[in-house]
Structures are given as structure tokens and as C-alpha cells.
Amino acid sequence: MRTPFVAANWKMHKTVAEATAYAAAFRARMETIRAAEVVVAPPFTALHAVAAALDGSPVGVAGQNLHSAPQGAYTGEVSAGMLREAGAGYVIIGHSERRQLFGETDAGVNAKLHAALGAGLVPIVCVGETLDERDSGRMFQVLNRQIAGGLADVELEAAGSVVVAYEPVWAIGTGRNALPAQAQEAHAHIRQRIARALDADGAAACRIIYGGSVKPANAGALAAEPDVDGALVGGAGLDPDSFAEIVAQNAAAAV
Ligand code: 13P
């Protein structure tokens, strides 16, 4: 039985003041939630303040990106160790916005994954096809490439701590979520490819979460699918009440 994993990716939203106000409201809503692992991913500037505001609560904090090197002359970049020290326990890697807008590759994702694991951060590795890739019948091929490249050389002991997020690009910020059956089809395929890249036990333990226009109205139906182990939420994760509702639906689906 995999514990549901639900994360809010705030992207480039919220000042420190806005982020800490959210954290105070959200932690109060999470006091009764035990059946899910819950994480928020603020922008770097608010990470430390949010971690302090959530200290002692069950809610974890994630970075939205990292550099694979421990330190160095990389203007504008942040390392795994810096994220840890600022209070993060998790980091999102290879989000489609980073792949599409900032040129991230599967090899780069893999380097970041190893840096994260080496520093004790739980990586949330994003994969997913574009509409063009889906419509032209290349979805499985793209997912295979992203899994094989992104998860290359992961130690078996680390496999259970890796979270994979299936985020079809056509569903992100569009209001058009994957249908539960479409998500299930992709998640089952991803789990099979993880088994091939790692091993069957690692694949069975790995949480595969769905992202792309998750809202309180569709979260329960998505979470009910057997290979959907949680959600990575963008827009609806910016409001503490709607994110809390999505968490509650994922927790309910697990019991
Ligand atoms: P939306 O929930 O806004 O579609 O964003 C999904 C996403 O990209 C989460 O990482």
C-alpha cells in the first residue's frame, strides 16, 4: 500500500508575506490529515520562511528546481545542500516548464536526481507528453525515454523514495485534465517502465502522482485509479482551502 503523495507547485507565485499567510492557514487545515504525505513548493525566496511557518506540522517543503553541482560559479542557481539547509525535504525535477522554457534534458534531469538523492532530498521527477506527441502516437515512446534517461543509475534502495509525476503537457494550466482512465493508462505504463529501469519491488513502492488541471472537482476520481498515488497541483494549489480539499480527497481514496 503506497501512502498518497500530494504536492502544490506554486511556480512563480507568492511573496514571502503571501507564502507565510498561506502556510499558517494551510497547517491548520492539515491537523487532522494523517493518511497522506503533503508538500508545498514555494519559490526559492519564500522557501525558508515557509519551512519555518510549517515547522512541527506534517507538511513538507520542496524546492521547484536545483542545480546538480554542490556549489560553484553558476549564477542564478541553487544546490541540493542549500535547499536542505533552507528547510526543504523534497525537490521537483524536470517540470515540463523547465524542459520547454529552459532547455532541460533527460540527462540533466538525471544529474539533478542524483544530486538530490545524494543530499537526502526526495526527488519528484516530472514526465509527460505534449499534445502533438500524444496525437501522433508517440506518448509511450516519450515516456519510455524520459523514464529510462531520467531515472538512469538509481540505486535500488533509493527507488522507493523517488516520486514520479505524470504531467501531460496538454493538461497543465489548460483546465483540461486527463480523464481518470487516461491517467491510469499512463501511470500503469510508467510503473512498468520503472520496473524495467530499476526492479519490480522499486516500481511497486514508487509513488506515481498525476499533475495537470487537478481541482477539488476532479481530484477524487483521479485518486481512485489504482496506479494514481496522488497529485501535483498547480493553480488549485495556490489557495489553501482548495489544496486542502484535494489533499483530503486523496487521503480518503487511500483508506
Ligand atoms: P495546473 O494544476 O495549474 O494545471 O499545473 C499543473 C502543474 O504543472 C503542477 O506542477
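What you see below is based on every heavy atom in this structure, not just the backbone, and it leaves out hydrogens, waters and symmetry mates. One-based numbering, in listed order, for ligands and for the atoms of each.
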- prompt: Of the protein's non-hydrogen atoms, which lies at the shortest distance from atom 3 (O) of ligand 1, and what is that distance?
  reply: Gly235 N, 2.8 Å
- prompt: With a 4.0 Å cut-off on heavy atoms, is Ala236 touching ligand 1?
  reply: no
task: Hydrophobic side-chain clustering at under 4.5 Å (ILVMFWY, transitive links): who's grouped with Met1? Put none if nobody.
output: none
query: If you count the atoms of ligand 1 from 1 in the order shown, which ones are under 4.0 Å from a heavy atom of Ser213?
result: 1 (P), 2 (O), 4 (O)
- request: Verify the distance criterion only: is there a donor paired with an acceptor across the side chains of Gln64 and His95 at less than 3.5 Å?
  value: no
- prompt: Are Ala171 and ligand 1 in contact, using a heavy-atom cut-off of under 4.0 Å?
  reply: yes
message: So, regarding Thr174 and ligand 1 (criterion: nitrogen or oxygen to nitrogen or oxygen, under 3.5 Å), is there a contact or not?
response: no
- request: Look at ligand 1 and say whether Gly211 reaches it with a heavy atom at a distance under 4.0 Å.
  value: no
message: Geometry only, no angles: is Lys215 polar-contacting ligand 1 at N/O separations under 3.5 Å?
response: no
query: Is there a nitrogen or oxygen of Glu97 sitting under 3.5 Å from a nitrogen or oxygen of ligand 1?
result: no
- prompt: Heavy-atom contacts under 4.0 Å between Leu232 and ligand 1: side chain, backbone, both, or neither?
  reply: both
query: Residues two or more places apart in sequence or in another chain: which of them pass side-chain contact (heavy atoms from CB on, under 4.5 Å) with Asn144?
result: His189, Arg193
message: Can you tell me if Lys11 contacts ligand 1 (heavy atom of the residue under 4.0 Å from the ligand)?
response: yes
task: Check the angle between the aromatic planes of His187 and Tyr210 and answer parallel, tilted or perpendicular using the 30° and 60° thresholds.
output: tilted
field: CD-CZ distance between Gln192 and Arg196, expressed to the nearest 0.5 angstrom
entry: 7.0 Å
